[in-house]
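The structure appears right after this line, and notes come after that.
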Amino acid sequence: MAKQKRSKTKPIIITVIVLLLAGGGTWMAMRKREVPITIQTEKVSRRNLIETVVANGRIQPVLQVVINPEVSGEIIELPVKEGQQVKKGDLLVKIKPDNYLAQRASAEAQFMSAQAGKALAKANLEKAEFEYQRIKKLYENELVSESEYLRAKTDFNVMQASFETSTHQGDQAKASLDRSTDDLAKTTITSPIDGTVTKLKSQKGERVVGTAMMAGTEIMTVANLDEMEARVDIGEIDVVLIALGQKAMLEVDAFQDRKFAGTVTEIANASKGATAMGGNNNSQEATKFEVKIRVTEKENFRPGMSVTAEIETRYRTNVLTVPIQSVTTRLPKGPVPGPGGPGQGDASPQMAEKQMKEKEKEKPQEIVFLHEGESVKAAKVKTGISDSEYIEIVEGLEEGKEVVSGGYKAISKDLEDGKKVKKGPPPGAEQKKG
């Protein structure tokens with residue numbers, strides 16, 4: 001019986017061995033017939049790099065003034081139109097002055113009355129002083145009684161106080177007159193600068209509101225269009241790279257295929273929308289800082305035009321570079337102890353420190369793939385600044401080495417150390433040529 005079982009088992013074992021050998025042979029054959037990945041290459045070379053920060057914003061005048069009245073009333077004169085050029089001192093708005101004329105007349109009458117009261121008080125004071133001095137001498141010679149002397153002294157003190165009061169009343173009346181005169185003058189608004197009326201919001205006959213404590217009705221905006229600037233919003237990561245005096249190139253949507261030179265003139269210290277407590281109105285919004293760039297070229301810009309700015313931040317000359325797409329990231333190979341892995345139960349400080357160091361090794365590393373014969377080799381690199389096409393290589397490569405520059409899927413996903421490759425045109429090149 002045992003003999004019979006042994007004879008049945010033997011063919012099965014032989015069959016399994018044959019299948020394994022056949023599978024291994026097939027695997028080796030497939031391995032040999034591995035399809036090479038099509039790539040494009042470029043040599044490591046030296047270049048000059050200029051790193052730029054790109055931001056969007058609007059064209060605005062460097063100098064513009066919003067015209068708000070400081071007094072209320074009806075507009076009776078509005079001799080300007082939107083788009084009209086004005087000179088400094090030209091009449092812009094005249095508000096009906098009737099009420100302010102009456103107030104000034106009343107204040108002027110009160111001032112004159114106060115002046116007359118002051119003159120009367122001064123005369124009474126001089127009279128009381130003369131009488132007091134006369135009685136004082138008689139009292140010293142014992143020719144008048146003490147009560148008469150005290151009465152003369154008291155009258156003099158009263159007249160002195162009355163004169164001081166009338167003096168203060170005169171000053172108060174003068175201040176009231178000055179204020180009413182100033183209010184009357186504010187009914188006529190002239191242009192504070194040479195410029196253009198870029199915005200007109202009110203019409204003749206409308207009533208406007210104005211106070212000295214807060215901004216009143218916005219009537220118009222006058223701007224100097226000879227000097228323009230781009231006001232762009234830059235994120236908090238890039239704003240630290242911006243400095244005063246940096247050069248910029250500006251693309252204005254209204255002027256296609258043209259670029260205008262500019263210079264950074266102002267960088268905001270606080271982010272847009274920051275509150276007085278240092279917070280932000282909306283925590284979901286990206287933090288932006290306003291940067292002003294003076295346009296150094298003259299053109300017929302209009303306030304509010306869309307602009308894209310490329311600000312030159314850092315420079316490198318004669319540095320090793322590769323195409324930006326050549327640099328990718330990979331996690332370091334090899335098992336890394338971690339939570340739930342080997343050594344989890346070992347709570348010793350030495351093991352914990354070791355695990356922390358191992359976890360740091362898990363961070364993706366920047367690498368490029370070197371083309372060597374029919375395969376590629378991964379090389380760890382350290383990068384620097386970049387422009388729109390190339391990136392600086394600080395460590396890890398030598399000039400003249402051939403690196404993989406395409407295609408994108410191969411570099412980012414398919415390529416590994418030792419993978420077979422072949423050089424060829426980019427995907428779709430044949431179709432484009434046809």
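Worth knowing before you read on, the calculation uses all heavy atoms, side chains too, and leaves out hydrogens, waters and symmetry mates. Since the model is a prediction, treat every value here as computed from it, not as a measurement. Along the sequence shown, residues are numbered consecutively beginning with 1.
- Side-chain N or O atoms of His168 include none that pairs as donor or acceptor with a backbone N or O of Gly170 at under 3.5 Å.
- No side-chain donor-acceptor contact under 3.5 Å links Asp238 to the backbone of Val53.
- Among residues at least two apart or in separate chains, side chain to side chain donor-acceptor pair (under 3.5 Å) pairs with a member in residues 400-415 are Thr41-Glu402, Glu402-Lys423, Lys409-Asp414.
- No side-chain heavy atom of Thr321 sits under 4.5 Å from any side-chain heavy atom of Val44.
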### Task
Might you work through the salt bridge (Lys or Arg N to Asp or Glu O under 4.0 Å) test for Lys377 and Asp417, ending with a clear yes or no?
CA-CA 5 Å; Lys377 179 182 178 182; Asp417 200 7; over 6 Å; no
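- Remark: Phe255 engages Phe260, Phe301 in a ring pair (Phe, Tyr, Trp, His ring centres under 6.0 Å) (not counting sequence neighbours).
- Interatomic distance, Lys419 NZ to Ser375 OG, rounded to the nearest 0.5 Å: 12.0 Å.
- No side-chain donor-acceptor contact under 3.5 Å links Ser176 to the backbone of Gln172.
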### Task
Using the salt bridge (Lys or Arg N to Asp or Glu O under 4.0 Å) rule, take Glu374 and Lys420 through it: C-alpha gap first, then chi angles, then the decisive distance, then the call.
CA-CA 6 Å; Glu374 296 182 353; Lys420 286 191 174 183; 5.1 Å; no
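- Using a 4.5 Å heavy-atom cutoff, the side chains of Asn48 and Arg316 are not in contact.
- Ile193 has its side chain within reach of Leu63: a pair of non-hydrogen atoms, C-beta onward, lies under 4.5 Å apart.
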### Message
Let's go through Thr188 and Leu91 carefully: what are the C-alpha distance in whole Å and the side-chain angles of both, what is the deciding distance for side-chain contact (heavy atoms from CB on, under 4.5 Å) to 0.1 Å, and is it a yes or a no?
### Response
CA-CA 7 Å; Thr188 300; Leu91 177 66; 3.5 Å; yes
### Message
Please evaluate residues Ile324 and Glu389 with respect to the criterion side-chain contact (heavy atoms from CB on, under 4.5 Å), reporting the C-alpha separation (whole Å), side-chain torsions for both, the decisive distance (0.1 Å), and the verdict.
### Response
CA-CA 6 Å; Ile324 288 180; Glu389 296 181 2; 5.7 Å; no
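- In this structure, the side chain of Thr181 engages the main chain of Leu177 through a donor-acceptor pair within 3.5 Å.
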### Query
Hey, mind stepping through Lys94 and Glu77 against salt bridge (Lys or Arg N to Asp or Glu O under 4.0 Å) and telling me if it holds?
CA-CA 5 Å; Lys94 188 169 181 63; Glu77 289 187 42; 5.4 Å; no
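- Using modelled atom types, one finds no donor on one side chain facing an acceptor on the other under 3.5 Å when comparing Ser191 with Asp90.
- The closest side-chain donor-acceptor pair between Ser306 and Arg58 falls under 3.5 angstrom.
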### Task
Give the intermediate values and the outcome of side-chain contact (heavy atoms from CB on, under 4.5 Å) for residues Arg330 and Phe369.
CA-CA 11 Å; Arg330 291 286 193 278; Phe369 290 101; 3.6 Å; yes
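- For Arg47 and Glu42, the salt-bridge test passes: some basic side-chain N is under 4.0 Å from an acidic carboxylate O.
- Distance check: Asn99 CG to Ser72 OG gives 10.5 Å after rounding to the nearest 0.5 Å.
- Note that CZ of Arg314 is 10.5 Å distant from CD of Gln246, once rounded to the nearest 0.5 Å.
- More than 12 heavy-atom neighbours from other residues, nucleotides or ligands sit within 6.0 angstrom of CZ on Arg258.
- Residue Gln85 places its CD atom among 12 or fewer non-hydrogen atoms of other residues, nucleotides or ligands, all under 6.0 Å distant.
- Checking side-chain atoms of Asn68 against main-chain N and O of Gly216 turns up a donor-acceptor pair under 3.5 Å.
- If you take NZ on Lys298 and CD on Glu227, they are separated by 5.5 Å, rounding to the nearest 0.5 Å.
- The two residues Leu244 and Ile267 make their nearest non-hydrogen contact at N-CD1, 4.0 Å.
- Under the 3.5 Å distance criterion, the side-chain polar atoms of Asn124 are left unmatched by any main-chain donor or acceptor of Met159.
- Taking the charged nitrogens against the carboxylate oxygens, Glu366 and Lys380 have no contact shorter than 4.0 Å, which rules out a salt bridge.
- With contacts defined as side-chain heavy-atom distances shorter than 4.5 Å, the pair Thr383/Val394 does not qualify.
- Electrostatic pairing of Lys186 and Glu70 counts as a salt bridge here, judged by a charged N lying under 4.0 Å from a carboxylate O.
- When all heavy atoms are compared, the tightest approach of Val421 to Pro36 is C-CB, 3.8 Å.
- No donor-acceptor pair under 3.5 Å is formed between the side chain of Ser326 and the backbone N or O of Val322.
- For the pair Glu164 (side chain) and Ala161 (backbone), a donor-acceptor distance under 3.5 Å is absent.
- Minimum interatomic distance between Glu392 and Leu49 (heavy atoms only, all atoms of both residues): N-CD1, 3.6 Å.
- With salt bridges taken as basic N to acidic carboxylate O contacts below 4.0 Å, one links Lys174 and Asp178.
- No donor-acceptor pair under 3.5 Å is formed between the side chain of Ser106 and the backbone N or O of Gln103.
- Of the possible donor and acceptor atoms, none in the side chain of Glu251 sits under 3.5 Å from a partner among the backbone N and O of Val307.
- A distance of 12.0 Å separates CG in Asn269 from CD in Glu290, rounded to the nearest 0.5 Å.
- The existence of a salt bridge linking Glu229 and Arg231 is confirmed by a sub-4.0 Å separation between a basic side-chain nitrogen and an acidic carboxylate oxygen.
- To the nearest 0.5 Å, the span separating OG1 on Thr221 from CD on Glu82 amounts to 9.0 Å.
- Heavy atoms from other residues, nucleotides or ligands lying under 6.0 Å from NZ of Lys122 number 12 at most.
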